[in-house]
Amino acid sequence: MVGWLVVGFALGSYATAQDDRGTRDGARLQKLLQELAATDASAWAARQTKLEAEAKAHEQEAKTMRQQAESLQRRADAEDATARELRQRLDALRKVQALVAAWGGQRKDPAQGGGPAGDGAKEGPPPTGKAVPVVPPAAKPAMPNSPPAEGMPANDAKDEELVTWRNRIEDLLGERCAGCHDQDSKKGGLDVTSFAAVREGGSSGNTLVPGEPDQSRLYRLVAHEERPFMPKDEDRLPAAAIAALRRWIEQGASEDEAGARAFLAAKAKTAATATSASDARDAGPAPWPQGWPTVELRTFEHPGVIKSLARSPRAGLLALPGHGQVVLLDTELAPVGVLASELDQVELVGFSPDGATLFAAGGERGKRGQIEIFDLRSGQCLGRVGKERDTPLAAAVSSARDLVALAGSGKYARAHGIDGTLSFAAKHDDFVLSLAVSSDGKLLAAADRSGVIRVYTTRGGRLEQTLTGHAGAVNAVAFLTDTRIASAGADGTVRLWDAAAGRELWRQNAHAGEALAVATGPDARIASAGSDGRVRVFAANGKPLAQSPPVGEWLYAVAFGTTGDTVLAGDWRGRLHRYDLKAKRIASTVPLGPAQ
């Protein structure tokens, strides 16, 4: 300690000597320096070691705080994305409500005895065998379907503040963006000094997608959802300005109020039409097993891999392949019913988009493959279709049962009628690994091992789109909407595609290894499972929502539960894992293992 006091005093003396330009006693300074030179070397080393340790500790603390800040920012971004989605759904609901009010339709209150046909109807006899009675979820109330009066606007746009190019956006972009994006500089190929130029867009992606701010690159850059953040090297725009830009795009990115009103009216009419069509498909009680034949559930000490899972679109039912059987479970993963299959081995199971039909695909490896179609309510087999030379790797059935599709190692995607008549056969360059039918029954998506997704019309098999981008096999596809397709690839990515436009909307590096399965579910969420033993969940705009802890085995199949907050996945050892997003907890069972 004395030595360091001497150091401090000496340095102070030295500084004073410098300031006074030699007026201090040089001899005294020389004496102090001699004392320092005599200080033990270990004292110097100890002090240096202590300072080095303190510096490293502070550096580590700073690093930890930065990591925590990044984690909090990611969580904040995810919460923002969820809030935006909910706001969009709220806006859509309000518009449909306004439309219904304008039409004069009257909604009945189920609590007062109203509601759609089938509400309050008693269930039929419970499934037999080892099935247990489960009360299905209530049917979704139907919306009135009377058309609007001739010439009546589809929504009252006057009740909504209109943001247009003329009244807000021209000044906003001119003040903050025109310095780099005018007619002369036009960085990124974008000119924001006129309405026509902005609508024309830039050279790197969809600058504006009217009605879809989350797909509009202009908004994503300004909102700091995509790099490079804009304005470049400047502070983020005020929240009010970003909100105005978003609202402008939501309202059609229109030049004036007349254009905005026309866009909103058309959007509301489309939403109402889609809602009516959806309600028509969902009319009546949800399909539920009633009076199935008694079949004992086969269990094994080592049940084997769960290769396929499927959730009913309209009821709390989960299907999985058994040993020569199709097994249905309820939301608590208890057996509801068992169907005997004539297939040597059931490889795949699934539901039609309306939930009324259940299918099983399989056969004998290297020899034959077929698909069986069952009526879900009765359990009756409606037909067996296909003459594959190997067990199918992919299968799908449309709601109308007018398309039964099979594919696999033969490199063809074949579509049949329910009577087995071949409708079309589409050739691929490699094994076809996954098939999916859109909910409206118009499109068939086929993904193959070469990394290509081909989209065909179900009527005639015309090739509509060829979607490329995955580096390696596309292991699974699923329709999110009638024209949007989610995919999971051997490159570990999950992607969303716009089949109408033939382009990729977003991608996420989802898994450390292969992404093996993908599913879509409630709240327009997308789930994937992979060789890293994890489940990932994404919002419709690609924002990550959740990641499960690893289960220690490859996950080959994934499906949502009855809500978007529960995801189920099957692994190599026959375990079925249920991941709770809110509790961030995963529980496991072996549904085809020995009874406990």
Side-chain angles (χ1 to χ4, degrees), residues 286-289 305-322 325-329 336-339 341 343 345-363 369-377 379 381-386 388 391-408 413-416 418 432-441 443-447 458 475-480 485-488 516-521 526-529 556-561 567-570 576 591:
W288 194 263
V305 60
I306 296 179
K307 300 177 183 178
S308 177
L309 285 174
R311 177 186 64 89
S312 168
R314 295 187 54 210
L317 294 171
L318 184 74
L320 70 156
Q325 300 177 326
V326 180
V327 181
L328 280 188
L329 308 177
V336 171
V338 181
L339 286 174
S341 170
L343 301 171
Q345 180 65 38
V346 178
E347 301 282 346
L348 306 166
V349 293
F351 293 91
S352 59
D354 63 356
T357 302
L358 177 67
F359 72 78
Q370 276 188 316
I371 184 171
E372 294 176 322
I373 299 92
F374 298 92
D375 179 85
L376 181 66
R377 289 187 175 89
C381 183
L382 303 175
R384 294 177 177 86
V385 175
E388 301 293 307
T391 53
L393 300 175
V397 175
S398 70
S399 293
R401 302 172 184 168
D402 57 352
L403 180 134
V404 179
L406 285 168
R414 292 186 174 90
H416 304 263
I418 192 71
V432 180
L433 304 179
S434 184
L435 295 171
V437 179
S438 61
S439 60
D440 63 4
L443 298 176
L444 172 70
T458 55
N475 292 317
V477 289
F479 276 90
L480 180 66
I485 301 170
S487 63
L516 297 171
V518 69
T520 58
I526 298 168
S528 65
Y556 287 89
V558 68
F560 278 93
V567 180
L568 302 126
L576 183 60

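Each residue takes its place number in the sequence, starting with 1.
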* To do: Kindly indicate, with the supporting measurements, whether the criterion side chain to side chain contact (heavy atoms under 4.5 Å, CB included) is fulfilled by Phe359 and Val404.
  => CA-CA 9 Å; Phe359 72 78; Val404 179; over 6 Å; no
* May I ask you to check whether Glu347 and Ser308 show a side-chain donor-acceptor distance below 3.5 Å? =>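 Distance-only check fails for Glu347 and Ser308.
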* Asked: Between Arg401 and Thr357, do the side chains contain an N or O donor and an N or O acceptor separated by less than 3.5 Å?
  ->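 There is such a pair (donor and acceptor under 3.5 Å, judged by atom type) between the side chains of Arg401 and Thr357.
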Do [X] and [Y] make a side-chain contact, defined as non-hydrogen atoms from C-beta onward lying under 4.5 Å apart?
{"X": "Leu348", "Y": "Val346", "answer": "no"}
{"X": "Ile418", "Y": "Ile373", "answer": "yes"}
{"X": "Phe351", "Y": "Val397", "answer": "no"}
{"X": "Pro289", "Y": "Arg377", "answer": "no"}
{"X": "Leu358", "Y": "Val326", "answer": "yes"}
{"X": "Leu568", "Y": "Val558", "answer": "no"}
{"X": "Val327", "Y": "Val336", "answer": "no"}

Do any N or O atoms from the side chain of [X] and from the backbone of [Y] form a donor-acceptor pair under 3.5 angstrom?
{"X": "Ser341", "Y": "Gln325", "answer": "no"}
{"X": "Ser398", "Y": "Gly441", "answer": "no"}
{"X": "Thr520", "Y": "Phe479", "answer": "yes"}
{"X": "Ser438", "Y": "Leu443", "answer": "yes"}

Nearest-0.5 Å distance that lies between atom [atom1] in [X] and atom [atom2] in [Y]:
{"X": "Leu480", "Y": "Ser487", "atom1": "CG", "atom2": "OG", "result": "12.0 Å"}
{"X": "Asn475", "Y": "Ser528", "atom1": "CG", "atom2": "OG", "result": "11.5 Å"}
{"X": "Arg311", "Y": "Phe560", "atom1": "CZ", "atom2": "CZ", "result": "8.0 Å"}
{"X": "Gln370", "Y": "Leu343", "atom1": "CD", "atom2": "CG", "result": "6.5 Å"}
{"X": "Leu317", "Y": "Trp288", "atom1": "CG", "atom2": "CH2", "result": "4.0 Å"}
{"X": "Ile526", "Y": "Ile485", "atom1": "CD1", "atom2": "CD1", "result": "11.5 Å"}

For [X] and [Y], which heavy atoms make the closest approach, and how far apart are they?
{"X": "Ala405", "Y": "Ile371", "value": "O-CD1, 4.4 Å"}
{"X": "Ser439", "Y": "Ser399", "value": "O-OG, 4.3 Å"}
{"X": "Ala517", "Y": "Ala476", "value": "CA-CB, 3.9 Å"}
{"X": "Ser352", "Y": "Ala356", "value": "OG-N, 3.6 Å"}

* Asked: Among all residues two or more places apart in sequence or in another chain, which pass the side chain to side chain donor-acceptor pair (under 3.5 Å) test with Thr391?
  ->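 In terms of side chain to side chain donor-acceptor pair (under 3.5 Å), with neighbours along the sequence ignored, Thr391 is linked to no residue.
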* To do: Under the side chain to side chain contact (heavy atoms under 4.5 Å, CB included) rule, what do Leu403 and Val437 come out as? Steps first, then yes or no, please.
  => CA-CA 9 Å; Leu403 180 134; Val437 179; 3.8 Å; yes
* **Test side chain to side chain contact (heavy atoms under 4.5 Å, CB included) applied to Leu320 and Leu328, step by step** => CA-CA 7 Å; Leu320 70 156; Leu328 280 188; over 6 Å; no
* To do: Evaluate the side chain to side chain contact (heavy atoms under 4.5 Å, CB included) criterion for residues Leu309 and Leu318: first the C-alpha distance (whole Å), next the side-chain angles of each, then the deciding distance (0.1 Å), finally the verdict.
  => CA-CA 7 Å; Leu309 285 174; Leu318 184 74; 4.1 Å; yes
* **With sequence neighbours excluded, residues passing salt bridge (Lys or Arg N to Asp or Glu O under 4.0 Å) with Glu388** =>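 Counting only residues at least two positions away or on another chain, Glu388 forms a salt bridge (Lys or Arg N to Asp or Glu O under 4.0 Å) with Arg414.
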* Which residues satisfy the side-chain contact (heavy atoms from CB on, under 4.5 Å) test with Ala394, sequence neighbours excluded? ->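 Here the qualifying residues are Ala407, Leu435.
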